[in-house]
**Q** 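Following this message is one structure expressed as structure tokens.
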Amino acid sequence: MIKVGIVGGTGYTGVELLRLLAAHPQVKLTAITSRKEDGLPVADMFPSLRGHVSLAFSAPEKANLKECDVVFFATPHGVAMAQAPELLAAGVKVIDLAADFRLKDVAQFEKWYGMPHACPDVLEEAVYGLPEVNREAIRKARVIGLPGCYPTSMQLGFAPLLAQGRQLVNESMLIADCKSGVSGAGRKAEVHTLLAEAADNFKAYGVKGHRHLPETTQGLQAIAGRKIGLTFVPHLVPMIRGIHSTLYATILPEARDVDFQALYEKHFAGETFVDVMPPGSHPETRSVRASNKLRIAVHRPEGGDLLVILVVEDNLVKGAAGQGVQCMNLMFGLEEGTGLMQVPVLP
Ligand SMILES: NC(=O)c1ccc[n+]([C@@H]2O[C@H](COP(=O)([O-])OP(=O)(O)OC[C@H]3O[C@@H](n4cnc5c(N)ncnc54)[C@H](OP(=O)(O)O)[C@@H]3O)[C@@H](O)[C@H]2O)c1
């Protein structure tokens, strides 16, 4: 059994990790931390876990994290990088759901996150946890920087276009119009996620620059092997879970004859967690709710030169905890889908 610790067990990605790991056949939950809820049985805070998780939260300094085989950090940025070197030295693998190990360029990290990086050497060996792109490196990794929720949808949505040897679309003008449910902002109390602020409302934010932009650009450039230009506009929508990303790319004249539907189907053939839907589909966020699936539909309105790619995922599963478990399975030599085959919840 893999002994698993979770730092930050009281947040939305923390409780999602608990839900998935409590039912994982190869996992023994060993430590779950909370600074505020030390001693509280997990099931007292999350009744959904009654009968599934018998542990209590413990303060991070009391938790036996070094006895674990792997520790997930479901915490704000800055927490994992402070503890990763010590855990790695004790032979513990680290999977960070925050941004500490995503951006390879330390200067970029410091610019976007406003703090010095605590362990650039660990950052250097860290692997970006997007299995559909980085599977082999993840198998050998000791440290994973998991992608953000929006970046997962944008990178998998654009990947087939950029992974070909030749350019098929105008790569300097990629556009991502993305919408997220409110759980994307976490469980901490903030005015903009109050019911009376977020419900019955729809707004863009972060248009002049969002932290997920440099991460996505870095990932897309790695896939393409070339520079790309991306405009990313996130929106908050009044739903709890889910991301819907509408991606736009202009087809180059020399690629007009490409069958993009076939290209996407071929690119993701054999991927357990990516569903390329039939032509003309309109994937809904509820079709992936509480599951690790990401669904994609490829459109070419009026047969013209603009490709419209629709992508849906559950931000807490494929966008966070589920992807983390997918990486853990690879790191421990398990079947990639172990504990992750939940059917989405509908309605
Ligand atoms: N929500 C999403 O859809 C999503 C998707 C992808 C990635 N992420 C990333 O995943 C991370 C967690 O997100 P979330 O939405 O779960 O946040 P959240 O709901 O706000 O939960 C944060 C958790 O971290 C703990 N925590 C906060 N500061 C800490 C510290 N200094 N030391 C130890 N524990 C601390 C909190 O518990 P205590 O205060 O009780 O210790 C809480 O359990 C963030 O970095 C976020 O950007 C989130």
Side-chain angles (χ1 to χ4, degrees), residues 5-20 31-40 42 44-46 49 56-63 65 71-84 87 94-103 109 112-115 118 128-130 144-155 178-190 192-193 198 206 210-212 215-216 234 236-237 239-245 285 288-290 292 294 312-327:
I6 300 172
V7 179
T10 56
Y12 284 150
T13 60
V15 66
E16 195 64 356
L17 277 169
L18 285 165
R19 179 178 74 91
L20 297 173
I32 306 166
T33 84
S34 165
R35 295 163 311 163
K36 296 184 198 122
E37 306 295 349
D38 183 27
L40 183 80
V42 168
D44 282 10
M45 172 169 280
F46 299 122
L49 296 173
F57 293 108
S58 58
E61 60 280 9
K62 289 197 223 158
L65 297 175
V71 170
F72 287 86
F73 282 87
T75 47
H77 56 272
V79 179
M81 67 183 181
Q83 296 178 49
L87 289 173
V94 169
I95 300 178
D96 182 28
L97 278 71
D100 298 7
F101 300 112
R102 291 178 190 161
L103 291 172
F109 174 83
W112 287 92
Y113 290 91
M115 57 171 68
Y128 191 61
L130 192 54
I144 295 288
L146 272 182
C149 44
Y150 285 125
T152 296
S153 70
M154 290 187 273
Q155 287 171 85
C178 305
K179 302 101 194 162
S180 173
V182 181
S183 65
R187 190 159 178 259
K188 63 200 169 300
E190 284 183 326
H192 77 283
T193 56
H210 185 285
R211 286 167 170 173
H212 287 173
E215 175 191 340
T216 307
L236 190 67
V237 290
M239 60 184 182
I240 297 171
R241 283 174 184 251
I243 281 184
H244 186 300
S245 293
T285 55
V288 293
R289 186 184 296 139
N292 200 48
L294 174 143
V312 295
E313 68 176 30
D314 185 322
N315 55 298
L316 295 176
V317 192
K318 186 58 178 158
Q323 187 135 267
V325 174
Q326 200 180 338
C327 288

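Quick note: numbers below take in every heavy atom, side chains included, and nothing from hydrogens, waters or symmetry partners. The model shown is predicted, which means the values in this text are computed figures rather than measured ones. Whatever order the structure lists them in is the order used to number ligands and atoms, beginning at 1.
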**Q** Do you know which two heavy atoms are closest between Ala185 and His192, and how far apart they sit?
**A**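 So the two residues come closest at CB-NE2, 4.1 Å.
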**Q** Which protein heavy atom lies closest to atom 9 (C) of ligand 1, and at what distance to 0.1 Å?
**A** Leu97 O, 3.3 Å
**Q** Do protein heavy atoms approach atom 37 (O) of ligand 1 to less than 4.0 Å?
**A**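 Under the 4.0 Å cut-off, atom 37 (O) of ligand 1 does have protein heavy-atom neighbours.
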**Q** Number the atoms of ligand 1 from 1 as they appear, then name those within less than 4.0 Å of a heavy atom of Gly319, with their elements.
**A** 5 (C), 6 (C)
**Q** Go through ligand 1 atom by atom and flag the ones less than 4.0 Å from a non-hydrogen atom of Ala320.
**A**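 Listed by number with element: 5 (C), 6 (C).
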**Q** I need the minimum non-hydrogen distance between Leu294 and Ser153, along with the two atoms involved.
**A** CD1-CA, 4.2 Å
**Q** Applying the side chain to side chain donor-acceptor pair (under 3.5 Å) criterion to Glu215, which one of Tyr128, Tyr150, Trp112 satisfies it?
**A** Tyr128
**Q** How far is atom 28 (N) of ligand 1 from its nearest protein heavy atom, and which residue and atom is that?
**A** Arg35 NH2, 3.1 Å
**Q** Could you tell me whether Ala99 approaches ligand 1 through its side chain, its backbone, both or neither, with non-hydrogen atoms closer than 4.0 Å?
**A** neither
**Q** For atom 15 (O) of ligand 1, what's the nearest protein heavy atom and its distance?
**A** Gly186 CA, 3.1 Å
**Q** Compute the shortest N/O to N/O distance between Thr75 and ligand 1 and return yes if it is under 3.5 Å, no if not.
**A**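 Yes.
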**Q** So, regarding Thr10 and ligand 1 (criterion: nitrogen or oxygen to nitrogen or oxygen, under 3.5 Å), is there a contact or not?
**A** yes
**Q** To which protein heavy atom is atom 18 (P) of ligand 1 closest, and what is the distance rounded to 0.1 Å?
**A**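 For this ligand atom, the closest protein heavy atom is Arg187 N, 3.6 Å.
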**Q** Going by atom types only, do Gln323 and Thr152 share a side-chain donor-acceptor pair under 3.5 Å?
**A**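 The answer is yes; a qualifying pair exists.
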**Q** Looking only at heavy atoms, what is the nearest atom pair of Ile243 and Cys149, with distance?
**A** CD1-CB, 3.5 Å
**Q** Might you work through the side chain to side chain contact (heavy atoms under 4.5 Å, CB included) test for Ile95 and Val71, ending with a clear yes or no?
**A** CA-CA 6 Å; Ile95 300 178; Val71 170; over 6 Å; no
**Q** Identify the closest protein heavy atom to atom 21 (O) of ligand 1: which residue and atom is it, and at what distance?
**A**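 Looking only at protein heavy atoms, the one closest to atom 21 (O) of ligand 1 is Gly11 CA, 3.2 Å.
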**Q** Among all protein heavy atoms, pick the one closest to atom 40 (O) of ligand 1 and tell me residue, atom and distance.
**A** Ser34 OG, 2.6 Å
**Q** Of the backbone atoms (N, CA, C, O) and the side-chain heavy atoms from C-beta on, which set of Asn315 has a member under 4.0 Å from an atom of ligand 1: side chain, backbone, both, or neither?
**A** both
**Q** Applying salt bridge (charged side-chain N to carboxylate O under 4.0 Å, His left out), name anything that partners Arg241, two or more places apart in sequence or on another chain.
**A** Glu16, Asp314
**Q** Using side chain to side chain contact (heavy atoms under 4.5 Å, CB included), reason through Val325 and Val317 one step at a time and then give a plain yes or no.
**A** CA-CA 9 Å; Val325 174; Val317 192; over 6 Å; no
**Q** Give yes or no for whether the N/O distance cutoff of 3.5 Å, strictly under, is met between Ala185 and ligand 1.
**A**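 No, since none of the N or O atoms of Ala185 sits under 3.5 Å from an N or O of ligand 1.
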**Q** Return yes if a side-chain donor-acceptor contact under 3.5 Å exists between Asn292 and Gln326, otherwise no.
**A** yes
**Q** For atom 25 (C) of ligand 1, what is the closest protein heavy atom, and at what distance to 0.1 Å?
**A**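 Answer, as residue, atom name and distance: Gly8 CA, 3.7 Å.
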**Q** Do me a favour and list the nearest non-hydrogen protein atom to atom 22 (C) of ligand 1 with residue, atom name and distance?
**A**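 Ranked first by proximity to atom 22 (C) of ligand 1 is Ala74 O, 3.6 Å.
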**Q** Tell me the nearest of Thr13, Thr152, Asp38 to atom 13 (O) of ligand 1, using heavy-atom distances.
**A**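 Ranked by closest heavy atom to atom 13 (O) of ligand 1, first place is Thr13.
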**Q** Which atoms of ligand 1 are found less than 4.0 Å from any heavy atom of Gly9?
**A**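 Answer for ligand 1: 43 (O).
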**Q** Can you check whether Leu87 reaches Phe73 side chain to side chain, under 4.5 Å on heavy atoms?
**A**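 A side-chain contact exists here, since the closest heavy-atom pair is under 4.5 Å.
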**Q** May I ask you to check if ligand 1 and Lys36 share an N or O to N or O distance below 3.5 Å?
**A**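 Yes: some nitrogen or oxygen of Lys36 is under 3.5 Å from one in ligand 1.
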**Q** Any atoms of ligand 1 less than 4.0 Å from a non-hydrogen atom of Leu316? List them with their elements.
**A**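 Result: 1 (N), 2 (C), 3 (O).
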**Q** If I compare all heavy atoms of Gly129 with all of Pro147, which pair ends up nearest, and what's the gap?
**A** O-CD, 3.2 Å
**Q** Looking only at non-hydrogen atoms, find the nearest pair between Thr13 and Ala320 and report the distance.
**A**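 Closest approach of Thr13 to Ala320, heavy atoms only: CG2-CB, 3.8 Å.
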**Q** Please identify which atoms of ligand 1 are closer than 4.0 Å to at least one heavy atom of Pro76.
**A** 24 (O), 26 (N), 27 (C), 28 (N), 45 (O)
**Q** Over all heavy atoms of both residues, which pair between Pro151 and His212 is shortest? Give the atoms and the distance, please.
**A** CD-ND1, 3.2 Å
